[in-house]
Undergrad: 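My questions all concern the structure below.
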Amino acid sequence: MPGRQLEKIYDPTQVEERWYRFWTEKGYFHATVDRPGAPYSIVIPPPNITGSLHLGHALNNTLQDILIRWRRMQGRNTLWMPGTDHAGIATQNVVERQLLAEGTSREVLGREAFVKRVWDWKAQSGGSILQQLKRLGASCDWDRLRFTMDEGLSQAVREVFVRLHEDGLIYRGERLINWCPRCLTALSDIEVEHEETKGKLYHIEYPLADDPKTRLVVATTRPETMLGDTAVAVHPEDPRYNHLIGKKVRLPLTSRDIPIIGDPILVDREFGTGAVKITPGHDFNDFEAGERHNLPRIAILNQRAQMDASGLHDAQVDPSLNLTLKPVHQARALMVDALRERGFLAKVEDHKMSLGKCYRCKTVVEPYLSPQWFVKIKPLAEPAIKAVEDGRIRLIPEGWVNNYLGWMRDIKDWCISRQIWWGHQIPAWYCRSCNEDAIIEAAPNSFTMTSDAKPVVARTAPAHCPDCSASDFIRDPDVLDTWFSSALWPFSTLGWPEQTPELKTYYPTSTLVTGLDILFFWVARMIMMGLKFTGNVPFRDVYIHALVRDAEGQKMSKSKGNVMDPLSVMEKYGTDALRFTLAAMASPGRDVKLAEERIEGYRNFANKIWNAARFILMNLDGPREAAPPKDRSFADRWILSRLNRTIRDVNASLEAYRFDQASSQIYHFIWHEYCDWYLELVKPSFQSKDSADAKRTRQTLVESFETLQRLLHPVMPFITEEIWQTLPHEGDSLVIQRYPVPIPEWNAKDIEAEFAVLEQFVTTVRTGRAQLNYQPGKVLALYGATSRGEQLTTLRHLLPFIEHLSRGSVKLAAVETWPTDKVLRLPVEGMTVGLVVEGEVDLEKVLSRLQKQSEEKEQEIQRLEAKLHNVEFTSKAPAEVIREHGDRLRILQQDSRLLVGSGQQLRSMMQSRKE
RNA sequence: GGGCGGAUAGCUCAGCCGGGAGAGCGCUGCCCUUACAAGGCAGAGGUCACAGGUUCGAUCCCUGUUCCGCCUACCA
């Protein structure tokens, strides 16, 4: 049964697509509730439909796929639920840009046509990331693909909204919210990115109304908003100012007088001048201060962050300033000039401050006063805190727990309404006749509702008004924050609110794999919603992985030009190499710095495996015999024992989400034990094709290598399937084979100890070879000696292997019987290895190395002796440590004596050569 | 401002419930030895950031310092 010949170099492009198609055609990734095995489920963090695969996705999905493939092979009933997220703002932006290029706009199209246009776009190009996930090998159940705007998920959204509203956890009200003047929508607090920037602190003089020569100086970073000031605050206990409380100042550049008030919360006496202007319409703190003191609010900016005509009028601003419709930064410059000219500007100093920007478009965000929908979050947060505190949900690594708890305990109400068209429209309707004054038709067919409007919240459009029974309604134009629907993802994708078999089987899901960046956006909200609506946690484990950075540790971004495209990486090095790299670098709590050389290194690893497979297939031509492990050869027993250890380690690592450990354990085993030693040890047994050893070793080769393919498959699915299919095997695909578990009969501690002796001997011969500058192929005359009985037995027993790996003939005899004039002696762990010295050899070099070694050993001996002579140590250290120190010392002393002898003997050799 | 994490070989990192300092990549030397030059063999390279403390003993535990990340916060 000669297997098919493999090419000399592994070519992933020949392999990957073929097997992925095979797997999906066979339906291996499809989950059914009646499948045996304990359920294991993961919901994918749904990528944006606007997105294309970047390395963060690649890492995230590689780790999920490793878990899913591993659990599937363990016989669990696995489900990996895939899907995409409608990404309201981002998607709307993309389509609006297209419209702009076509010379039109969403306003021209109208809402209905625009939304249809977005669906068209989604149908065309919204799914490309899914194809890329397949390319990565993701074993998702594609038959269950979900989208946050699917009818089923939309129904879940409406259901949740209505129930939260019924429970009083959703309300509508006029608040100061974060507003993006480019996207023209509200944002939640966490959608604002704060960035440290260099700004200015302007000191502005406000003359007292009844005594214009006396001026109160306030400090501000935003002089343009002073036009909306409705008070100035000082600290009530500040002797510099408190006598002014109750008086008024004339607001510069306006004809308004505003009061001076005392407020100990807002005012920090140490900062600036100790006097603060209060602009309740444009600053969150000022808004609260305004609430405390019943101050009027004047909005001087419109929704595009331009100076607003009616706002300027209300604020009684000097019209000659010509500010109308000037954007913020221009208005600021004009204001500063005007203040300076008219003598109100005391001074300007540099000032560090943080600026809020829209996380989607990086535009500076404005606090904006408008009616919005909010989720009252505290009652939802409390159970979510408890679930993590009591361990029903584990965060891994657990260092993030405090982060999570801290954020949750301090959580603020969640603004969920967005003034865009793409998304789940809020299920709230306004009766026209009851809200006549509250409904404003801003443009034809475009309405806004004041905060006084009374909505009817319902699952479907109401037929009659509960108050006046009229039937003319206008639906709330706002849509919900995209994260509102993603918060339901773990159960909405499984059919909720229906109690589907899927929901019963796969919920709570087992593990969530995600990046830190969406811990609050997504994970926290899923926990809150899951607990609220299913009474159960949405997942047991949350594995939080790091960010992928470039080789210099910089965040990858298009503007920096340091992005690495995973698709071209897969093209160049193969998908398995990329996956292995990401897994190997996924150390907990540390960012992944990705350099291309690493990927190349693991590409080489794939090739190493490939060539091991070639070797095995070449030698499989002949009978095989499945003898019990203990009856097999030394090499066979050794590799099975080592493989067993690796199986144990890898399983333990995966259980602990230590993808890095699992990968390096497999890497080390395959390359440095299996290939470097085992395959070399085994070569001689094939010299006589039909020997018992050959038969059994063939069997061991197949067993061990087949097991290795199973062990590695979750990380490198493609090459392992390709190799597995060429090896003798049972079954249709590696995907559905059982994951390796340790086999007790494979353990052979004694054999491993024997191997250590062999390895030391052989390595020492090789070192000697290198020192004597012998060709690797040169067959040597070698000697071996040891005074330790068990070592001698092992050496005798393993002589054929040792001779093969040392490329020489080894005489085991007492050192005294070796020829003194032509043998280099090298000690190792109590043994002495002898190499015959022939030809032109630089013995000086050899000697100096011996001397250096000798010194190192001597140092170590002295250190150990000092320790063992120290009574404090011997009386207080554990017996085991003392014994171990003693053992080590004895071996060192032995080696040291041998080294000295070896050096003397070498010197006399050199002497006799000279003569 | 607060919190968290990091500082170990040229680079990227592992290790550490305290007892001989490791890997990968890179580097040096020899070798195209029929599985693999995307390879083999051998090797060089580290006062484990700094200063104290606890201990018989500290890379590891504690305290402080410096530097670097990240998260978070309304200091106008």
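Residue numbers start from 1 in every chain, and the chains themselves are labelled A, B, ... in the order their sequence lines are given, proteins ahead of strands.
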Undergrad: As a test of your reading of the structure, name each stem of RNA chain B as range with range, where a stem is three or more consecutive Watson-Crick or G-U pairs at under 3.5 Å.
TA: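 Runs of three or more consecutive pairs: B:1-7 with B:66-72, B:10-13 with B:22-25, B:27-31 with B:39-43, B:49-53 with B:61-65.
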Undergrad: Among Val232(A), Asp229(A), Val267(A), which residue meets the side chain to side chain contact (heavy atoms under 4.5 Å, CB included) test with Val276(A)?
TA: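 Exactly one candidate clears the test, Val267(A).
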Undergrad: Using only side-chain N and O atoms of His351(A), determine if any of them is under 4.0 Å from OP1 or OP2 of A76(B).
TA: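 Yes, because at least one side-chain N or O of His351(A) sits under 4.0 Å from OP1 or OP2 of A76(B).
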Undergrad: The side chain of Glu597(A) is closest to which nucleotide in this list: G20(B), C71(B), C25(B)?
TA: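 Among G20(B), C71(B), C25(B), the one nearest the side chain of Glu597(A) is C25(B).
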Undergrad: Can you run down the salt bridge (Lys or Arg N to Asp or Glu O under 4.0 Å) pairs that involve residues 218-228 of chain A, sequence neighbours left out, and say none if there aren't any?
TA: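 Qualifying pairs, neighbours excluded: Arg222(A)-Glu224(A), Arg222(A)-Glu366(A), Glu224(A)-Arg332(A).
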Undergrad: Just checking, any donor-acceptor pair under 3.5 angstrom between side chains of Asn773(A) and Asp842(A)?
TA: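 Per modelled atom types, Asn773(A) and Asp842(A) side chains form no pair under 3.5 Å.
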Undergrad: In whole angstrom, give the distance that lies between atom OH of Tyr404(A) and atom C1' of G3(B).
TA: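 To the nearest whole Å, that distance equals 18 Å.
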Undergrad: On a whole-Å scale, what distance lies between the C1' atoms belonging to U12(B) and A51(B)?
TA: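 Approximately 29 Å lies between the C1' atom of U12(B) and that of A51(B).
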Undergrad: Closest approach to the side chain of Tyr602(A), judged atom by atom: which nucleotide of G24(B), A35(B), G20(B) is it?
TA: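 For Tyr602(A), the side-chain atoms sit closest to G24(B).
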Undergrad: Between C36(B), G24(B), A76(B), which one does the side chain of Tyr667(A) approach most closely?
TA: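 Nearest to the side-chain atoms of Tyr667(A), counting from C-beta on, is G24(B).
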Undergrad: Are any of His672(A)'s side-chain N or O atoms less than 4.0 Å away from OP1 or OP2 of G24(B)?
TA: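 Checking His672(A) against G24(B): at least one side-chain N or O falls below 4.0 Å of OP1 or OP2.
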Undergrad: If you take the centroid of each ring, where Trp contributes its six-membered ring, are Phe873(A) and His885(A) closer together than 6.0 Å?
TA: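 Yes, the ring of His885(A) comes within the 6.0 Å limit of the ring of Phe873(A), centre to centre.
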Undergrad: Does the side chain of Tyr202(A) reach to within under 4.5 Å of the side chain of Thr221(A), using non-hydrogen atoms?
TA: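 Not touching, per the 4.5 Å side-chain cut-off.
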Undergrad: Rounded to the nearest Å, what distance is computed from the CH2 atom of residue Trp407(A) to the C1' atom of nucleotide C71(B)?
TA: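 Interatomic distance, CH2 of Trp407(A) to C1' of C71(B): 13 Å.
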Undergrad: Are a donor atom and an acceptor atom from the side chains of Tyr674(A) and Ser704(A) found within less than 3.5 Å of each other?
TA: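 The answer is yes; a qualifying pair exists.
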Undergrad: Kindly give the atom pairs (protein nitrogen or oxygen, nucleotide nitrogen or oxygen) under 3.5 Å for nucleotides 37-39 of chain B.
TA:
| residue | atom | partner | partner atom | Å |
| --- | --- | --- | --- | --- |
| A38(B) | O4' | Asn604(A) | OD1 | 3.1 |
| A38(B) | O2' | Asn607(A) | ND2 | 3.3 |
| A38(B) | N3 | Arg603(A) | NE | 2.8 |
| G39(B) | OP1 | Asn604(A) | ND2 | 3.0 |
| G39(B) | O3' | Lys608(A) | NZ | 3.1 |

Undergrad: Between G18(B) and U54(B), how far is it from one C1' atom to the other, in whole Å?
TA: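 One C1' to the other, the span is 12 Å.
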Undergrad: Could you tell me how far C27(B) sits from C70(B) if I compare only their C1' atoms? Round to whole Å.
TA: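 The same atom, C1', in both gives a distance of 34 Å.
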Undergrad: Tyr774(A) ring centre to Lys778(A) NZ or CZ under 6.0 Å, with the angle to the axis within 45°?
TA: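 Flagged: Lys778(A) positioned over aromatic ring of Tyr774(A).
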Undergrad: Would you indicate whether the side-chain heavy atoms of Phe615(A) and Lys683(A) approach each other to under 4.5 Å?
TA: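 Result yes, sub-4.5 Å side-chain heavy-atom pair found.
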Undergrad: Any idea which of G20(B), A73(B), U33(B) is nearest the Pro776(A) side chain?
TA: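 Of G20(B), A73(B), U33(B), U33(B) is nearest to the side chain of Pro776(A).
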Undergrad: Under the rule for salt bridge (Lys or Arg N to Asp or Glu O under 4.0 Å), what residues qualify as partners of Glu288(A), not counting sequence neighbours?
TA: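 Not a single residue meets the salt bridge (Lys or Arg N to Asp or Glu O under 4.0 Å) criterion with Glu288(A).
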Undergrad: Want to settle it: does Leu201(A) or Ile616(A) sit nearer the 5' end of RNA chain B, counting the closest nucleotide to each?
TA: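 Here Ile616(A) is the residue nearer the 5' end.
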Undergrad: Looking only at side chains, do Gln661(A) and Ser653(A) share a donor and an acceptor under 3.5 Å apart?
TA: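 Checked: Gln661(A)/Ser653(A) side chains pair up, N/O donor to acceptor below 3.5 Å.
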Undergrad: Please, which pairs that meet salt bridge (Lys or Arg N to Asp or Glu O under 4.0 Å) have at least one residue in residues 865-874 of chain A, sequence neighbours excluded?
TA: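 Passing the test, one end in residues 865-874 of chain A: Glu872(A)-Lys876(A).
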Undergrad: In terms of the angle between their ring planes, are Tyr602(A) and Phe605(A) parallel, tilted or perpendicular, with boundaries placed at 30° and 60°?
TA: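 Correct class here is perpendicular.
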Undergrad: Quickly work out the Ile670(A) CD1 to C36(B) P distance and round it to whole Å.
TA: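 These atoms are roughly 18 Å apart.
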Undergrad: Aromatic rings His351(A) and Phe271(A): how do their planes relate, parallel, tilted or perpendicular, breaks at 30° and 60°?
TA: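 The rings of His351(A) and Phe271(A) stand perpendicular, inter-plane angle above 60°.
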Undergrad: Tell me if the aromatic rings of Tyr10(A) and Phe718(A) count as close, with their centers under 6.0 Å from one another.
TA: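 No - the distance between ring centres of Tyr10(A) and Phe718(A) does not fall below the 6.0 Å cut-off.
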Undergrad: Would you list the protein and nucleotides 54-58 of chain B atom pairs, both N or O, that sit under 3.5 Å from each other?
TA:
| residue | atom | partner | partner atom | Å |
| --- | --- | --- | --- | --- |
| C56(B) | OP1 | Lys876(A) | NZ | 2.5 |

Undergrad: For the residue pair Glu349(A) and His203(A), confirm or rule out a side-chain donor-acceptor distance under 3.5 Å.
TA: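 Side chains of Glu349(A) and His203(A): pair found under 3.5 Å.
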Undergrad: With a 4.0 Å heavy-atom cut-off, tell me which residues in residues 276-288 of chain A come close to RNA chain B, sorted by residue number.
TA: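 Close to the strand are Val276(A), Asn285(A).
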Undergrad: How about Ser188(A) and Glu191(A): does a side-chain donor come under 3.5 Å of a side-chain acceptor?
TA: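 Short answer, yes.
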Undergrad: Going by side-chain hydrogen bond (donor to acceptor under 3.5 Å, both in side chains), name the pairs with one or both residues in residues 569-579 of chain A, residues two or more places apart or in two chains.
TA: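 Non-adjacent pairs meeting side-chain hydrogen bond (donor to acceptor under 3.5 Å, both in side chains): Glu16(A)-Thr575(A), Asp65(A)-Arg579(A), Arg135(A)-Glu571(A), Lys572(A)-Glu596(A), Tyr573(A)-Glu596(A).
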Undergrad: Using whole Å, report how far CD of Glu291(A) lies from P of C74(B).
TA: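 Taking atom P of C74(B) as the reference, CD of Glu291(A) is at 17 Å.
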Undergrad: Just to verify, what does Glu856(A) make a salt bridge (Lys or Arg N to Asp or Glu O under 4.0 Å) with, not counting sequence neighbours?
TA: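 Expected list: none.
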Undergrad: Extract from the structure each pairing of a protein N or O with an N or O of nucleotides 6-10 of chain B at less than 3.5 Å, listing the distance.
TA:
| residue | atom | partner | partner atom | Å |
| --- | --- | --- | --- | --- |
| G6(B) | O3' | Arg590(A) | NH2 | 3.1 |

Undergrad: Would a distance-only check, ignoring hydrogens and angles, find a side-chain to backbone donor-acceptor pair under 3.5 Å from Ser896(A) to Lys857(A)?
TA: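 The answer is no, because no donor-acceptor pair under 3.5 Å joins these two groups.
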Undergrad: Run the side-chain hydrogen bond (donor to acceptor under 3.5 Å, both in side chains) test against His235(A) and tell me which residues pass, sequence neighbours left out.
TA: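 side-chain hydrogen bond (donor to acceptor under 3.5 Å, both in side chains) check on His235(A) returns nothing, list empty.
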Undergrad: State which of C36(B), C13(B), A76(B) makes the closest approach to the side chain of Ser587(A).
TA: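 Minimum distance to the Ser587(A) side chain belongs to C13(B).
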Undergrad: If we take the C1' atom in both G64(B) and U28(B), what is their distance in whole Å?
TA: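 Approximately 43 Å lies between the C1' atom of G64(B) and that of U28(B).
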Undergrad: Look at the side chain of Thr221(A) and decide which nucleotide, out of A76(B), G20(B), A35(B), has an atom nearest to it.
TA: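 In terms of side-chain proximity for Thr221(A), the closest of A76(B), G20(B), A35(B) is A76(B).
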Undergrad: In the 5'-to-3' direction, what one-character label does each nucleotide of nucleotides 42-47 of chain B receive under the scheme B = base within less than 4.0 Å of a protein heavy atom, S = sugar-phosphate only, - = no such atom?
TA: SSSS--
